[in-house]
Every structure is written in C-alpha cells, then in structure tokens.
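Below is one structure, written out as structure tokens; comments come after it.
Numbering of ligands and ligand atoms starts at 1, following listing order.
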Amino acid sequence: MRSPYPDVEIPEVSLTEFLFADGFGDRADAPAFLDGTTGDQLTFTEFHGLVEKIAGGLAARGIGKGDVVALFAPNLPQWAALFHGILRANATVTSANSMYTGGELAHQLTDSGATTLITVSPFLDRALAGATEAGLSADAVLTIDKAEGHDSLADLVSSGAPAPELTTTADDTAVLPYSSGTTGLAKGVILTHRNLVANLLQVHVMGSVTDQTKIMAFLPFFHIYGMTVMMNQGLHTRATVVTMPKFDLEQFLSITQKYAVDRLYIAPPVAVALAKHPIVDSYDLSCVKTIFSGAAPLDGELGRAVAKRLNCTVLQGYGMTELSPVSHCMPDDRGDLDLNSSGFALPNIECKLVDPESGKEVGVGERGELWVKGPNVMVGYLNNSDATDATKDADGYLHTGDIAVVDDEGVYSIVDRVKELIKYKGYQVPPAELEALLLTHDKIADTAVIGVKDAEGEEVPKAFVVKQASGADLTEDDVMAFVAEKVAPHKKVRVVEFIEQIPKSASGKILRKDLRARETEQ
Ligand code: AYL
C-alpha cells in the first residue's frame with residue numbers, strides 16, 4: 001500500500017547543502033538553538049559560522065572524506081554545531097549514547113572505525129576508557145568545554161583554517177547511529193545524506209512546523225529521533241530548538257513555560273508524567289500546542305488524558321533508526337485519529353503487512369509484519385551484510401520486526417513486536433548483549449532476556465537464569481548488580497527469575513515466544 005500523500009521530490013544534494021545553501025533570510029539573527037538551562041543561544045548566522053570553523057579545524061587535523069568522528073555528549077547547541085561541522089568537513093558522524101559505559105563506547109568506536117572522539121569533560125572518564133580500549137590515543141579525544149590535556153572546541157575553531165571544499169554527495173554516509181535491529185548486538189546503521197534529507201521532507205509534509213515554532217529537545221540528539229525530528233527538522237524549518245542536556249520534569253516544565261515552547265517531542269514515559277504528576281498544574285503551559293510521541297507504543301487513553309489536561313493536540317508517530325527514522329505519523333491536523341494508532345505512511349513510502357508464518361501479504365484489519373520501502377530506508381548495517389540481508393530484502397523493503405494492522409483509510413497501528421528488541425523508556429535494549437554478558441558470570445549456566453511489563457505497564461528487561469551447579473547461593477539481586485555495573489542504566493536487568501532450563505529450538509535458538517507465553521500465563 002502506498003502512502004495516501006503525493007510523493008515529494010528529494011533533491012540530489014548533501015544534507016549540508018540542503019540546510020545551509022540558501023542563507024537564512026529574515027531568520028539570520030533569530031535563535032537556531034537555545035540552551036534552555038543557561039539561556040545561551042546561537043543564531044542561525046552564528047551557528048553556520050561555527051559549523052564552518054569546526055569544519056576548518058577538523059580538516060586541519062587531517063579529517064575528511066571517509067573518516068568517522070564520534071560524538072559522545074549531552075544535548076547542547078554545540079552538539080549540533082559539531083555534527084554539522086563534521087559533515088561539512090566531508091566526514092561521517094557516529095553518535096554514541098551519552099549514558100554508555102566505557103566498554104559500550106569502545107564497541108561503537110571500534111566497529112565504526114572512528115578516529116576522533118568528541119566529548120565533554122564530565123564524560124572524560126568513560127570517554128578515555130572507551131578510547132583506550134578501542135586503541136585511540138588521548139590526543140584523539142577532544143572536549144566541547146575545556147579539559148586539561150585535551151584540545152577543546154575553542155582550540156578547534158581557533159585554528160582559523162578555512163572549511164574545505166564540500167565534496168560530499170547525496171550517496172555518502174552521513175551518520176552511523178547504532179541499533180540492534182531485529183536481532184543481535186548493536187550495529188552501525190548506514191544512513192546517507194539522501195536518507196536524512198528525504199526524511200526531513202517527508203516529515204515536513206505531515207507537520208505544521210514553521211520558523212515561528214519552538215521545538216523542545218530533551219530527547220537526545222545521539223538517537224535518530226532527536227537527530228532528525230528535533231535538531232535537523234528545526235534547522236530545516238528555521239525554527240528554534242530549545243535544548244536540555246538531561247531530562248528533569250520540573251526543569252522541563254519551567255523551560256517550556258519560560259521560552260513559550262509550543263511543540264514537545266516526547267517518548268511515552270513523559271506522557272505518564274504530563275497526565276498524572278501534580279506539579280504540572282504549577283506551570284502555565286498554555287504555550288504548548290502540539291505534543292508528539294514516538295519511539296515506543298503510546299497508550300491512547302493516556303495520550304487523551306494529556307491532551308485534555310494541557311488543552312493541546314497529541315499525536316503519535318512510528319519509526320526506527322533504520323528508517324532515518326520516521327515512516328508513519330499522524331499529521332498535525334488529524335488530532336481526531338485514534339491515539340492508539342501511528343497514523344499514515346509518509347509520502348514516498350510503500351508498505352506491506354506480511355504474515356510472518358506464511359510470508360503472504362495480509363488485508364485490511366489483519367495483523368502482519370510491517371515492511372517499509374522508501375528513500376529513508378538505510379543502505380544497510382556497517383560491516384554486516386548478513387544482518388543487512390536478513391533485514392532488507394531484494395525489493396528494498398525493510399522488515400521492521402513490528403506487527404501492525406491497517407484500516408481502510410490507511411491508518412496503521414503497531415500492535416506487537418516479533419523481534420528480540422526490548423524498549424526501556426524508548427531506548428533500545430538488545431537482549432543478545434545482556435545474554436552474552438550474563439553468560440560471563442561463573443555461576444550462570446544459561447540465560448535468556450525478554451521484555452516484560454512492570455506494574456505501570458512499562459516494558460522492562462527480565463532475565464531468566466539457569467544456575468551453574470556451583471551457583472546455589474546466587475540471588476536475583478546478585479544478577480541485577482552484576483549487569484548494572486557493566487551497562488548503561490537503561491540496559492539494566494530489572495527482573496530476574498531462576499529456571500531449570502531455557503526453552504530452545506532444535507537448532508539451539510532461544511524460544512522467546514515460549515518465555516513470553518509463560519509470562520502471560522502467570
Ligand atoms: P529505534 N509504537 C510502537 N512501537 C514503536 C513506536 C510506536 N509509535 N515507535 C517506535 N517503536 C518501536 O530504532 C518499534 O518496535 O527508533 C520500532 O521498531 O530506537 C523500534 O521502536 C525502533 O526503535 C517518530 C520519530 C518514532 C522517531 C521514532 C523513534 C525511532 C526509534 C516516531 O516520529
């Protein structure tokens with residue numbers, strides 16, 4: 001089924017040309033990015049000037065086409081300037097989760113082939129641990145602020161070197177975010193300049209974002225949701241992006257009120273706070289016109305409660321890192337749609353719903369795996385053609401691993417997930433990674449990790465653990481503590497159950513659906 005919207009034309013240009021070639025008109029001196037916690041801002045002209053200087057500084061360090069630079073920092077206006085400076089230097093960004101431990105960061109640095117890492121001084125412990133493990137020298141680690149022994153952003157831009165010629169084309173890799181996809185460990189997702197430009201134009205058709213919009217950006221720029229839908233959409237529409245380095249409910253409400261933010265992008269857990277937390281009543285949030293939820297399923301009733309309490313429109317979208325990320329969303333003028341749904345396929349997108357058992361396409365109202373084709377579909381996974389082939393078929397459809405239904409108007413609802421992936425507060429938790437880690441414990445013989453619902457209905461990682469003969473004294477808390485000290489907080493195992501045996505197929509694959517069935521029986 002094709003999108004009900006007419007196709008948009010995708011120009012054959014780099015994201016850099018797309019965003020910056022035409023100047024900023026009467027938005028030149030308007031704020032492009034505003035740090036909500038400090039009030040510091042960068043106008044469009046200042047932002048662009050900084051991007052050019054960063055590109056010059058990077059080029060002077062020998063960074064150019066084919067090089068990968070890792071960003072490991074919280075949401076700051078400088079994050080965005082560095083992102084675009086790296087692209088302007090004809091290089092590629094790999095964006096790392098700012099909660100990562102040194103070990104998790106090392107995996108991404110090594111796998112992506114990053115030769116430079118840019119961070120902030122409070123993250124230096126983890127950054128240096130990761131860099132060292134990945135074989136990068138301390139010289140290759142730069143900081144946005146000043147830190148003893150490292151070049152800073154100020155040093156980078158003070159080189160005075162001109163930005164190099166822009167040789168990047170639409171087909172070049174712009175960014176390598178990491179995603180576990182349908183199975184296995186986190187993999188580099190190859191997104192080209194064309195992918196990113198396409199998704200901006202596709203998203204633009206659905207929304208009513210203008211140069212007067214103020215976009216809230218507490219969701220991280222390292223994740224494709226923050227990167228495309230907040231950071232780059234803001235630049236594209238010449239809106240103002242209000243940043244927050246980390247989420248804090250009171251600060252979020254106060255910044256929203258103070259800067260009259262009218263468009264909030266959230267993941268479902270924030271909807272719970274907006275619907276229920278008493279403190280929300282202490283703020284004047286009449287500025288908020290639209291709240292958009294993505295990254296995990298939003299409960300429709302909860303969404304309606306938020307819309308009622310804040311007297312605004314609540315919308316839902318669906319996407320995936322591998323889709324740059326948005327493939328479906330509700331348009332701004334359709335606040336009437338069922339909030340349990342994720343709206344329509346964006347322009348230029350074709351979808352199929354396919355029965356995972358029979359491989360046959362299903363009809364209206366029937367459940368099937370969502371397959372998506374369009375200019376926003378990733379090229380593939382970096383260094384992993386097997387995973388690419390298992391995810392993207394010869395016709396160009398990306399098999400999402402999500403189960404959806406569509407109605408006769410073309411409105412899609414995501415109803416289930418057939419892939420391993422667990423989502424904790426919208427963040428990816430790859431079970432395979434936790435299982436590999438748990439198996440390194442000398443008292444654990446076997447394990448399987450799945451997502452289960454906690455008392456609030458939130459998805460949380462649960463480990464089923466088979467003890468070694470020597471592990472009689474192993475407790476649930478021991479297991480949780482063992483994982484917690486080695487992974488970013490969102491990947492913590494939050495429930496443990498000891499069992500006799502992990503159900504497996506004849507070929508040794510974990511039968512996750514049997515474990516899930518066991519959960520619902522209890
Ligand atoms: P990743 N409903 C149900 N599941 C969802 C939804 C939704 N609305 N959105 C995302 N997911 C799940 O790569 C689904 O399982 O990208 C999907 O395969 O971290 C997985 O999350 C992808 O996780 C936007 C803008 C969504 C961004 C995004 C999030 C991209 C998250 C909608 O408009």
Distance filter under 4.0 Å to [X] heavy atoms, resulting ligand 1 atoms:
X      : value
Ser342 : 8 (N)
Phe292 : 33 (O)
Gln316 : 2 (N), 7 (C), 8 (N)
Lys419 : 15 (O), 17 (C), 18 (O)
Gln428 : 1 (P), 13 (O), 19 (O), 23 (O)

Problem - Centroid separation Tyr100 to Phe72 less than 6.0 Å - result: no
Handout entry: Centroid-centroid distance, His490 to Tyr424, less than 6.0 Å
Key = no
Of the listed options ([options]), which comes nearest to [atom] when hydrogens are ignored and any heavy atom counts?
atom                    : options                        : value
atom 30 (C) of ligand 1 : Ala267, Gly226, Gly319         : Gly319
atom 24 (C) of ligand 1 : Leu398, Val326, Ile422         : Val326
atom 16 (O) of ligand 1 : Leu421, Thr321, Val415, Val418 : Thr321

Handout entry: Sidechain N-carboxylate O distance under 4.0 Å for Glu322, Lys187
Key = no
Handout entry: Point-to-point distance, once rounded to the nearest 0.5 Å, from CG of Asp395 to CH2 of Trp371
Key = 8.5 Å
Problem - Atom pair CD1/CD of Ile215 and Gln233 - distance to nearest 0.5 Å - result: 5.0 Å
Practice task
Output all residues satisfying side-chain contact (heavy atoms from CB on, under 4.5 Å) with Thr110, sequence neighbours left out; order by chain, then residue number.
Solution key: Ala134
So which heavy atom in the protein is nearest [atom], and how far is it from that ligand atom?
atom                    : value
atom 15 (O) of ligand 1 : Asp402 OD1, 2.6 Å
atom 12 (C) of ligand 1 : Ala295 O, 3.8 Å
atom 1 (P) of ligand 1  : Lys423 NZ, 3.2 Å
atom 25 (C) of ligand 1 : Tyr225 CD1, 3.3 Å
atom 8 (N) of ligand 1  : Gly317 O, 2.7 Å

Handout entry: Thr400 N/O under 3.5 Å from ligand 1 N/O
Key = no
Exercise for the section: Ignoring angles and geometry beyond distance, decide whether His328 reaches within less than 3.5 Å of ligand 1 through its nitrogen or oxygen atoms. Expected result: no
Practice task
Please say whether more than 12 non-hydrogen atoms of neighbouring residues, nucleotides or ligands are located less than 6.0 Å from NZ in Lys486.
Solution key: yes
Exercise for the section: Inspect the surroundings of CG in Asn311 and state if more than 12 heavy atoms from other residues, nucleotides or ligands are less than 6.0 Å away. Expected result: no
Practice task
For residues Leu434 and Val493, determine if any side-chain heavy atom of one lies less than 4.5 Å from a side-chain heavy atom of the other.
Solution key: yes
Give the contacting part of [X] toward ligand 1: side chain, backbone, both or neither, where contact means a heavy-atom distance below 4.0 Å.
X      : result
Met320 : both
Ala296 : backbone
Pro297 : both

Exercise for the section: Apply the test ring-ring contact (aromatic ring centres under 6.0 Å, His included) to residues Phe18 and His193: give CA-CA distance (whole Å), side-chain angles for both, the deciding distance (0.1 Å), then the verdict. Expected result: CA-CA 9 Å; Phe18 179 72; His193 284 258; over 10 Å; no
Exercise for the section: Measure the acute angle between the ring planes of Trp79 and Phe83, then classify it against the limits of 30° and 60° as parallel, tilted or perpendicular. Expected result: parallel
